[in-house]
Amino acid sequence: MPELPEVETTKRGIAAYAKNTLIQQVIVHNPRLRWPVDLTRTKQLAGQIIHSVQRRGKYLLFFCDYLHFIIHLGMSGSLRMTQHDEHIKKHDHIQLVLDNQQTITFNDPRRFGCFIVTPEPLNHKLITKLGVEPLSADFHANYLYKRLQNKKINIKQCIMNSQWLVGVGNIYANEALFLSGIHPLRPANSLSHSECLLLVQQIKQILRTAIRHGGTTLKDFINAQGKPGYFQQTLNVYGRANKPCHHCGNLLHETRINSRSTVFCSVCQHLNINQTPA
DNA sequence: ATTGGAACCTGGTGGC
DNA sequence: TGCCACCAGGTTCCAA
């Protein structure tokens with residue numbers, strides 16, 4: 001489900017309720033996630049104050065007194081604030097009961113997400129290997145251009161590589177490439193510097209817009225208040241295979257890149273460096 | 001070192 | 001209706 005905008009939306013929603021609250025109780029309904037939840041450490045979160053909620057890539061970092069926790073929502077996870085006496089739903093895995101009558105509930109049907117308690121989140125191997133934040137000043141045309149040199153694989157896989165660039169998942173990779181007029185199968189080292197500049201600008205733009213709209217919603221993204229995002233109506237290519245391109249009217253093509261659905265316009269998105277970006 | 005593919009799961013959808 | 005195959009927003013791990 002979640003790409004960067006959805007995780008950011010979740011972070012803001014949860015932080016508004018959870019910041020500076022005391023964790024009174026931790027309930028683990030089902031420890032089976034991507035990695036088994038460490039029950040002993042997780043229980044030790046009780047009695048600690050949540051000082052801040054931060055996001056790094058698609059990871060949520062909760063900073064408490066001395067033990068902290070990392071949450072990844074995987075493909076289908078969500079966090080929502082619930083009332084203390086509310087009934088749990090199917091696939092509610094973990095609940096953190098706060099001292100303000102609110103509860104943070106982690107739900108994840110496919111169990112690709114994770115919940116990790118650690119004394120040093122920023123030094124955790126999942127976090128240290130992450131690449132630049134797309135909305136930071138560190139992500140610029142020079143950075144991307146240098147990264148792409150000597151790379152023969154296609155550009156789509158590159159912008160989805162979290163060791164280089166975090167937060168761009170399948171939806172926004174499709175969308176950003178369309179907006180940049182770059183064919184997803186273009187060899188990475190064939191992009192010109194100006195194309196890198198355009199691609200960087202479009203990635204930043206689409207992520208900012210999606211955050212402003214509260215995240216995308218394809219099937220079941222819900223924010224911390226349990227409400228869906230409203231970005232899907234503005235998607236140009238994702239989920240629109242065989243429908244007319246919003247730009248030129250030709251039918252959009254679909255292919256698979258790394259077994260991920262890839263939709264593009266063969267007219268507007270160019271395979272050659274010589275063609276002018278749309 | 002790089003790259004492609006399988007694996008981890010459940011749920012929804014569409015075809016027969 | 002029911003059964004079955006296939007697909008899904010992510011990431012890790014393994015083998016070539």
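Every chain is numbered from 1, with letters handed out A, B, ... down the list of sequences.
- Taking 4.0 angstrom as the limit, A:Y238 places a side-chain polar atom (N or O) nearer than this to OP1 or OP2 of C:dG9.
- Put simply, CD1 on A:I127 is 13 Å from C1' on C:dT11, counting in whole angstrom units.
- The only member of A:H183, A:E254, A:K156 that meets side chain to side chain donor-acceptor pair (under 3.5 Å) when paired with A:T262 is A:K156.
- Counting any heavy atom pair closer than 4.0 Å across all strands shown, A:R32 reaches no nucleic acid atom.
- Within the model, atoms CD of A:Q48 and CZ of A:F63 stand 12.5 Å from one another, a figure rounded to the nearest 0.5 Å.
- Of all the heavy atoms in A:N170 and A:R260, the pair that sits closest is CB-NH2, 3.5 Å.
- Here A:C114 contributes atom SG and A:D108 contributes atom CG; the two are 9.5 Å apart, rounded to the nearest 0.5 Å.
- Taking the P atoms as reference points, C:dC7 lies 15 Å from B:dG5, given to the whole Å.
- The nucleotide whose nearest atom lies closest to any side-chain atom of A:S261 is, among C:dA8, C:dT12, B:dT10, C:dA8.
- Here A:S76 does not reach the OP1 or OP2 of C:dA8: none of its side-chain N or O atoms lies under 4.0 Å away.
- Phosphate contact (OP1/OP2 of C:dT12, side-chain N/O of A:K129, threshold under 4.0 Å): present.
- Put simply, CD1 on A:I70 is 16 Å from C1' on C:dT12, counting in whole angstrom units.
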Item to complete: Give the intermediate values and the outcome of side-chain hydrogen bond (donor to acceptor under 3.5 Å, both in side chains) for residues A:S194 and A:S192.
Response: CA-CA 5 Å; A:S194 62; A:S192 67; 3.1 Å; yes
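- Taking atom CD of A:E3 as the reference point, atom P of C:dA8 lies 13 Å away to the nearest angstrom.
- With C1' as the reference atom, C:dT11 and B:dG12 are 22 Å apart, rounded to whole Å.
- At least one side-chain nitrogen or oxygen of A:R260 sits closer than 4.0 Å to the OP1 or OP2 atom of C:dG10.
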Response to the item:
Each nucleotide of nucleotides 2-8 of chain B classed B (base within 4.0 Å of a protein heavy atom), S (only sugar-phosphate) or -, in 5' to 3' order, makes SSS---B
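- When the shell of 6.0 Å around CG of A:N150 is examined, it contains 12 or fewer heavy atoms from other residues, nucleotides or ligands.
- The distance from atom CG of A:N174 to atom P of C:dA8 is 11 Å, rounded to the nearest whole Å.
- Distance A:M160 CE to C:dG9 C1': 9 Å, rounded to the nearest Å.
- Straight-line distance between the P atoms of C:dC6 and B:dA6: roughly 13 Å, to the nearest whole Å.
- Here A:S162 lies out of heavy-atom contact (under 4.0 Å) with every strand.
- To the nearest 0.5 angstrom, A:I50 atom CD1 is 4.5 Å from A:F69 atom CZ.
- Around atom NZ of A:K43, more than 12 heavy atoms belonging to other residues, nucleotides or ligands sit under 6.0 Å away.
- Checking B:dG11 for Watson-Crick or G-U wobble geometry (two distances, each under 3.5 Å) identifies C:dC7 as its partner.
- We find that CD of A:Q163 is positioned 12 Å from C1' of C:dC13, with the value rounded to whole Å.
- The phosphate of B:dG11 has OP1 or OP2 within less than 4.0 Å of a side-chain N or O from A:K90.
- For A:K58, taking side-chain heavy atoms from C-beta onward, the closest of the listed nucleotides B:dC9, C:dG10, C:dT12 is C:dG10.
- A:E254 has its CD atom 10 Å from the C1' atom of C:dC7, to the nearest Å.
- At whole-Å resolution of the value, CG in A:N30 and P in B:dC9 are 11 Å apart.
- For the pair A:H91 and B:dG11, the criterion of a side-chain N or O lying under 4.0 Å from OP1 or OP2 is met.
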